[in-house]
Amino acid sequence: MKKNLNQLTFFDFLEDSSIEKITNKKEYSKGNIILNEETIRRLKSYNLDDYISDVRECGLEKTWDNICQFVIDNKEEIPEFINTKNFAELYEIGLATQDKVSKKKAGQYYTPDDVASLMSEWLNNCEGDNVCDVACGTGKLILTYLDLIGYEEARKLISSGRLYLYDVDNVALKICWTTIAIKYGLDIADSINDIFCDFLDQSITLPENCKVISNPPYAHLSELQGYWEQTEVLLESREYYSAFMEKIFAKARSTVIITPFSFISGNKFRSLRRKMCEIGSGHIVSFDNVPGNIFCGRKHGIFNTNTSNSVRAAITVLKQGEKRGFRVSPLIRFRNEERKELLKTDVLESVLPDNYQLIDGDNDTFQKIDKCLVDVYKTWIKKSNCRLKDIVSKDKTCYFIDMPNTCRYYTTASSGKLNRTGSITVYLNNTEDFSFLYCFINSSFAYWWWRIYDGGITYPFGLLYNMPLPVDLLSEDDKDFFAKMSKKMIETEKDYIVTKLNAGVEQENIKFPEQYRNEINVRILKMLGHDCDASLFKTIHANRFFI
């Protein structure tokens with residue numbers, strides 16, 4: 001799993017036994033260093049080569065001590081190169097220059113400008129007198145929020161001591177503090193609560209009546225620290241981001257947080273989902289990573305940056321209160337050119353179904369369902385008398401279906417093995433079951449089932465085997481339709497084989513004409529009692545948001 005850049009040096013603190021455990025609030029130098037004349041002279045004409053040289057020779061912390069102190073002492077005469085607007089990218093370059101672990105832990109997730117703006121708008125509509133940025137890093141989220149509320153309101157927030165910053169990386173925290181101090185006034189900078197800490201430490205708390213914005217670290221926990229609270233969520237998930245979510249949700253009055261989307265239905269996040277529903281209500285908007293990715297489109301300043309990543313993200317807004325449950329969006333797929341129009345609060349909220357999903361005894365996952373398909377989903381579940389696992393044969397038979405276990409835009413059933421590395425093979429007991437299942441997998445329903453409960457890289461074997469099938473609804477006319485349809489498709493399988501190069505290996509799949517899928521969809525919809533055309537499923541397969 002790739003990591004948030006804010007947290008990259010966290011691993012140094014945890015892995016290097018020579019570094020004292022960070023607990024509670026620790027003091028660190030800021031605004032009180034005396035620079036010598038040579039350092040001042042160099043910084044007045046500072047450039048990229050000078051910066052890289054300083055990081056290599058003096059280290060990242062010393063280099064940034066000097067830069068931050070210089071801009072504080074020379075607020076009116078800051079060279080363009082070390083203007084605060086370039087701090088985040090400069091820091092990234094410094095990490096890549098100094099930090100060898102970045103080579104094996106590459107792929108950090110800075111919050112792009114447009115995502116930070118979106119999250120800030122949602123935060124602005126949240127309740128809470130104190131404002132906190134947990135895992136603030138160099139400050140993208142909090143700086144965007146302060147811009148949104150305006151200069152005077154930002155100064156009031158800061159001067160009243162109601163702004164809180166948390167990070168385990170003292171250099172990034174210092175950069176964040178310095179940027180805010182320069183922009184909103186050194187006269188009130190001492191009122192900023194900048195807390196250098198391991199946020200999961202039990203001694204670290206959030207202020208009362210606070211609202212939190214956060215892009216926490218994305219990394220698996222190989223070992224747990226003894227000074228963390230050993231909660232069910234921590235022990236079950238062993239993921240940094242879910243541990244951060246639990247603590248923030250429990251302590252904050254309201255929260256806006258961006259994380260991987262795996263907590264929505266992943267088995268190891270059940271306890272987190274239960275906790276969320278016990279605490280309050282809100283909404284979850286989840287994003288696919290093809291063809292556009294939510295962490296792509298990050299700002300490009302004076303340096304080249306890497307936009308290659310694969311995380312599927314979700315933005316969660318939670319508010320404590322008597323209301324319980326979450327409105328959950330379908331998995332949103334978009335093109336990069338659609339970002340500007342897509343990443344707006346009203347647009348994203350418009351795709352949220354009206355129902356609030358609760359995690360309880362009857363339901364232990366959040367379902368990602370298009371609002372126009374909620375009724376179809378309910379009917380499908382209600383009228384399906386069995387699961388796929390109920391009709392499969394325990395033995396190998398002559399009736400078998402092979403399905404590629406990767407499905408970017410559709411699922412495919414074939415009557416023979418394809419030339420590929422990953423697939424799921426299902427054996428059936430008779431022709432009737434074979435024909436129906438062959439068509440069902442080639443319909444939109446099997447693909448939709450995966451999008452509802454997963455939508456990651458591969459189709460989990462267990463998820464497919466638990467897919468509901470309305471077998472009892474099959475009339476003689478339906479059986480005849482599926483027999484003829486499957487026969488027609490099988491006869492043309494070889495005509496529609498497509499190949500794709502994956503890690504240097506050609507992977508075969510079958511891309512049937514859309515007409516076949518539409519015919520099957522309409523037949524299944526009629527079986528379920530829905531007299532509508534196949535366009536109902538258009539958004540599920542589309543490679544763009546605005547159709």
Side-chain angles (χ1 to χ4, degrees), residues 261-262 264-267 273 284 286 288 290 312 328-333 353 355 357 362-392 401-414 422-426 428 433 436-474 482 509-510 512 514 516-518 520-530 532 534 536-542:
F261 83 154
S262 49
I264 295 175
S265 55
N267 290 335
R273 293 191 290 271
I284 304 168
S286 58
D288 205 341
V290 290
R312 290 168 174 83
V328 183
S329 80
L331 188 54
I332 295 171
R333 181 180 281 149
N355 61 304
Q357 297 184 42
D362 298 324
N363 179 49
D364 67 357
T365 61
F366 291 126
Q367 295 99 43
K368 305 185 293 293
I369 305 175
D370 299 67
K371 63 192 307 182
C372 66
L373 289 169
V374 170
D375 288 342
V376 175
Y377 172 81
K378 290 179 178 178
T379 307
W380 179 19
I381 300 301
K382 182 179 180 180
K383 292 190 175 182
S384 294
N385 63 304
C386 72
R387 304 274 170 166
L388 188 151
K389 62 185 178 183
D390 298 324
I391 66 169
V392 299
I401 291 170
D402 199 56
M403 186 188 96
N405 65 352
T406 53
C407 38
R408 178 164 289 187
Y409 294 108
Y410 53 88
T411 51
T412 303
S414 64
S423 67
I424 299 173
T425 302
V426 180
L428 290 311
D433 288 344
F436 177 63
L437 185 60
Y438 180 93
C439 290
F440 202 87
I441 292 176
N442 280 308
S443 75
S444 293
F445 281 84
Y447 180 72
W448 183 32
W449 182 252
W450 174 68
R451 298 277 289 178
I452 291 170
Y453 288 100
D454 195 283
I457 298 173
T458 60
Y459 205 127
F461 180 87
L463 180 63
L464 180 67
Y465 268 45
N466 278 288
M467 181 174 64
L469 297 175
V471 175
D472 270 8
L473 299 181
L474 287 166
F482 290 120
N509 199 352
I510 301 173
F512 286 115
E514 187 178 349
Y516 291 175
R517 184 169 65 234
N518 290 343
I520 299 170
N521 285 341
V522 170
R523 193 74 185 202
I524 297 172
L525 285 169
K526 286 183 178 178
M527 286 172 56
L528 296 173
H530 293 275
C532 46
L536 191 66
F537 291 106
K538 198 168 185 178
T539 58
I540 294 174
H541 303 282

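Quick note: residue numbers are just sequence positions, from 1.
With 3.5 Å as the limit, one finds no donor-acceptor pair spanning the side chains of Asn405 and Thr458.
Inter-residue side-chain proximity for Phe512 and Tyr410 is flagged as unmet; no heavy-atom pair is nearer than 4.5 Å. Side-chain contact between Phe436 and Leu469: present, with at least one pair of heavy atoms (C-beta onward) separated by less than 4.5 Å. In this structure, the side chains of Ile524 and Phe482 come closer than 4.5 Å at one or more pairs of heavy atoms. Here the side chains of Asn466 and Tyr453 are not in contact, with every heavy-atom distance at 4.5 Å or above. Residues His541 and Ser444 have side chains in contact (heavy-atom distance under 4.5 Å, counting atoms from C-beta outward). In this structure the side chain of Gln367 never reaches within 4.5 angstrom of the side chain of Val328, judged on heavy atoms. Using a 4.5 Å heavy-atom cutoff, the side chains of Trp449 and Leu464 are not in contact. In this structure, Asn363 and Thr365 have side chains that are in contact, with non-hydrogen atoms separated by less than 4.5 Å.
A donor-acceptor distance shorter than 3.5 angstrom exists from the side chain of Asn442 to the backbone of Ala413, with no hydrogens or angles considered. Side chain of Ser423 to backbone of Asp402: no donor-acceptor contact under 3.5 angstrom is found. Distance alone, capped at 3.5 Å, is enough to place a donor-acceptor pair between the Arg273 side chain and the Asp364 backbone. Within the 3.5 Å criterion, the main-chain N or O of Leu331 finds a donor-acceptor partner in the side chain of Arg451. With hydrogens and angles ignored, the 3.5 Å screen pairs a side-chain donor or acceptor of Asn385 with a backbone N or O of Asp472. The main-chain N or O of Thr539 is never found under 3.5 Å from a side-chain atom of Arg333 such that the two would form a donor-acceptor pair. Not a single donor-acceptor pair under 3.5 Å links the side chain of Asp370 to the backbone N or O of Cys372.
Summarising the geometry of Pro468 relative to Ser384, their closest heavy-atom pair is CB-CB, 3.6 Å, with the distance given to 0.1 Å. Val522 approaches Ala534 most closely through the heavy-atom pair CG2-N, 3.8 Å. The two residues Lys383 and Leu528 come nearest to each other via the heavy atoms NZ-O, 3.2 Å. Pairing each heavy atom of His530 with each of Asp375, the nearest pair is NE2-O, 3.8 Å. In plain terms, the two heavy atoms of Ile457 and Thr406 that are nearest each other are O-CG2, 3.7 Å.
Remark: Gln357 CD to Ile369 CD1 distance equals 6.0 Å, nearest 0.5 Å. Residue Asp390 holds its CG atom at 11.5 Å from OH of Tyr465, rounded to the nearest 0.5 Å. With rounding to the nearest 0.5 Å, the separation of CE in Met467 from SG in Cys386 is 10.0 Å. A distance of 6.0 Å separates CG of Asp454 from CG of Leu463, quoted to the nearest 0.5 Å. Distance CG/Leu525 to CH2/Trp380: 10.5 Å, rounded to 0.5 Å. Separation of atoms CZ (Phe440) and CD1 (Ile401) is listed at 12.0 Å; rounding is to 0.5 Å.
The aromatic rings of Trp450 and Tyr447 sit tilted, their planes meeting at an angle between 30° and 60°.
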**OP:** I would like to know whether Lys368 and Ser265 meet side chain to side chain contact (heavy atoms under 4.5 Å, CB included); could you show each step before the answer?
**Re:** CA-CA 9 Å; Lys368 305 185 293 293; Ser265 55; 4.1 Å; yes
Original post:
Given Phe537 and Leu373, is the side chain to side chain contact (heavy atoms under 4.5 Å, CB included) satisfied, shown in steps?
Top reply: CA-CA 8 Å; Phe537 291 106; Leu373 289 169; 4.1 Å; yes
